[in-house]
Amino acid sequence: TPTEADQLRRAMATFKKTGDIHKFGEKLIGGMVARGYDPDFAARCFKQIEGFGTYGFPESHAASFALLVYISAWVKCHHPAVFAAALLNSQPMGFYAPAQIVRDARDHGVTVHPPDINCSDWDCTLEDPSERLPRPVPPPGRPIQDTAVDGRVAGLGREAPGPTAGADFIEKQALNLRLGLRLVGGLGEAAGRAVVEARTAGGRFADVAELWRRSGLPATTVSALARADAFRSVGLDRRQALWEVAALGERPLPLFEGVGEAGPEPPVALPEMSLGEHIVEDYAHLTLSLKAHPVALLRAGLTASGYRPARDLRSLRHGRRARVAGLVLVRQRPGSAKGVIFITLEDESGVANLVVLPPMFERYRSTVLTARLLGASGTVERVDEVIHLKVDRLDDLSDRLGELTARPSDRDFARSMARADEVRRPTPDKRELQKSRNFR
């Protein structure tokens, strides 16, 4: 009956380990046999239905999900810069961290520029490389070919295409991706938009002091921009910008602004930051770095210890042993995986997917839960293009991150992790955690 059919549908969509679908077995098989079906065939039919017993869902749900997947895949294929900008502007969300989204976009030919006080909006934007003008990603519900009042495409300075030519027009532009101020750690949305509004009203900023005066932001907020290396367009790296922030002093009253001000301080020859120091600061304040991957600077030592680049896994046969090392991007333990933990590592060559079985997790529990730079040894398992490393040994290499800078700390890389269906904010045994801290 229709009522029984609906009850069966509900039993298939319970999302519980123990559903009620078994209660329909006798009714369904008996009814099929009574209508002339072979008993073995009827039993097999029910067995297939029973297989959907903890994750089945209505056809309408499946159709909607399939449509979303198709649209997302199409945009990612034809407009990778648009796709990356949309994901970054929707953070925090889902499975991938900003560093992974940016890495994938660059791997697919997108040129990515860092956040900058004179070029970035609050959100990530698209830029025409020939004009270097930011083009905002339109909010949901608005067409991509967003036009200004004069009929020119916003941010591109060209005539708008017809209503059917928008996709082709955009695809020919090879748009670049400009990271937004939203990625700057310690910078709230109100402060970020204040920077953009001040720039829109009065033009580009010439130096740190001008941004401070026109935006009305406190020096601590300007310092966050400096730490994120967002003053490159005025010729300052993060250390020089921080030096100028320290010299801001008290904000003058409006009536006396510009009166009796001392001239600019003589330039000071500050020691240059090393590439490693810049990378560490980028990860600490942006969650990513466009300058280089931190593991690239550690490659010589890792190779000497027997660790191969992640890309080498693609050329190894099934069953071969291998050792890889990289930053931990994702730790996840799906409820349906029977205790298996999946870890994604990233180095300068790509990503490596690790499979950690429950006995290995119990053996290396502290390492799995706390390591930022992880070394893994195991056996390559591959099915066509799907490659995993079945782990039999794990090593916490986080102390090697101290080689990037004179201030050894792996906490600067903590924000680069993705939000997966992991054990959230893992709290390992206190004794194990203390041992780990003492070791570092």
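These numbers were taken from a predicted model, which means no experiment stands behind them. What's counted below: heavy atoms across the whole structure, side chains too, no hydrogens, waters or symmetry copies.
- Counting only distance, with no hydrogens or angles, the side chain of Gln240 and the backbone of Asp237 share a donor-acceptor pair below 3.5 Å.
- Counting heavy atoms from C-beta outward, Leu236 and Glu244 have side chains that approach closer than 4.5 Å.
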Report the C-alpha separation of Arg227 and Glu281 in whole Å, then their side-chain angles, then the decisive distance to 0.1 Å, and conclude whether the salt bridge (charged side-chain N to carboxylate O under 4.0 Å, His left out) test is met. CA-CA 7 Å; Arg227 294 184 186 280; Glu281 292 298 318; 5.1 Å; no

Test side chain to side chain contact (heavy atoms under 4.5 Å, CB included) applied to Asn353 and Ile387, step by step: CA-CA 7 Å; Asn353 297 307; Ile387 304 171; over 6 Å; no

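- Proximity of Leu397 to Leu302: side-chain heavy atoms (C-beta onward) are separated by under 4.5 Å at one or more points.
- Note that the NZ atom of Lys27 and the CD atom of Gln7 stand 10.0 Å from one another [nearest 0.5 Å].
- Put simply, CZ on Arg323 and CZ on Arg393 are 6.5 Å apart, with the number rounded to the nearest 0.5 Å.
- No side-chain donor-acceptor contact under 3.5 Å links Arg299 to the backbone of Val295.
- Remark: side-chain polar atoms of Thr200 are paired, donor with acceptor, to backbone N or O of Val196 under 3.5 angstrom.
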Test side chain to side chain contact (heavy atoms under 4.5 Å, CB included) applied to Leu179 and Leu286, step by step: CA-CA 10 Å; Leu179 300 183; Leu286 291 175; 6.0 Å; no

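- Between Tyr37 and Phe41, the two ring planes are parallel [angle under 30°; tilted spans 30° to 60°].
- Defined by atom type and a distance below 3.5 Å, a donor-acceptor pair is present between the side-chain atoms of Ser305 and Arg400.
- In this structure, Gly180 and Ser120 approach most closely via the heavy-atom pair CA-CB, 4.2 Å.
- Residues Lys390 and Val356 have side chains not in contact (no heavy-atom distance under 4.5 Å, counting atoms from C-beta outward).
- Within a 6.0 Å sphere centred on NZ of Lys291, other residues, nucleotides and ligands contribute more than 12 heavy atoms.
- With 3.5 Å as the limit, one finds no donor-acceptor pair spanning the side chains of Ser398 and Arg372.
- Closest of all the heavy-atom pairs between Arg333 and Gly339 is CD-O, 3.8 Å.
- Distance check: Tyr283 OH to Leu288 CG gives 7.0 Å after rounding to the nearest 0.5 Å.
- The CG atom of Leu327 lies 6.5 Å from the CG atom of Leu329; values are rounded to the nearest 0.5 Å.
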Would you sort out whether Asp347 and Arg311 count as a salt bridge (charged side-chain N to carboxylate O under 4.0 Å, His left out), showing the intermediate values? CA-CA 9 Å; Asp347 64 14; Arg311 63 168 175 263; over 6 Å; no

Arg199 vs Asp121, salt bridge (charged side-chain N to carboxylate O under 4.0 Å, His left out): CA-CA, chis, key distance, verdict: CA-CA 10 Å; Arg199 187 182 71 222; Asp121 288 350; 3.1 Å; yes

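- Closest heavy-atom contact between Asn176 and Pro129: ND2-CB, 3.4 Å.
- One N or O on the side chain of Asn118 and one on the backbone of Phe205 form a donor-acceptor pair closer than 3.5 Å.
- Arg193 has a carboxylate O that lies under 4.0 Å from a charged side-chain N of Glu189, or vice versa, which qualifies the two as a salt bridge.
- Side-chain contact annotation: His388 with Arg382, donor-acceptor N/O pair under 3.5 Å absent.
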Run Leu354 and Leu345 through side chain to side chain contact (heavy atoms under 4.5 Å, CB included) and show every step you take. CA-CA 8 Å; Leu354 312 182; Leu345 302 184; 3.7 Å; yes

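- Closest non-hydrogen pair, Val328 versus Ala371, comes out as CG2-O, 3.5 Å.
- The structure places CE of Met360 at 5.5 Å from CZ of Arg363, a figure rounded to the nearest 0.5 Å.
- Between the side chains of Ser233 and Asp116, at least one donor N or O lies within less than 3.5 Å of an accepting N or O.
- Closest of all the heavy-atom pairs between Ala376 and Leu389 is O-CD2, 4.0 Å.
- Taken to the nearest 0.5 Å, the CD1 atom of Ile117 stands 5.0 Å off from the CG atom of Leu211.
- Residues that satisfy the side-chain hydrogen bond (donor to acceptor under 3.5 Å, both in side chains) test with Asp6, not counting sequence neighbours, are Arg9, Arg10.
- Considering all non-hydrogen atoms of both residues, Phe24 and Phe46 come closest at C-CE1, 3.9 Å.
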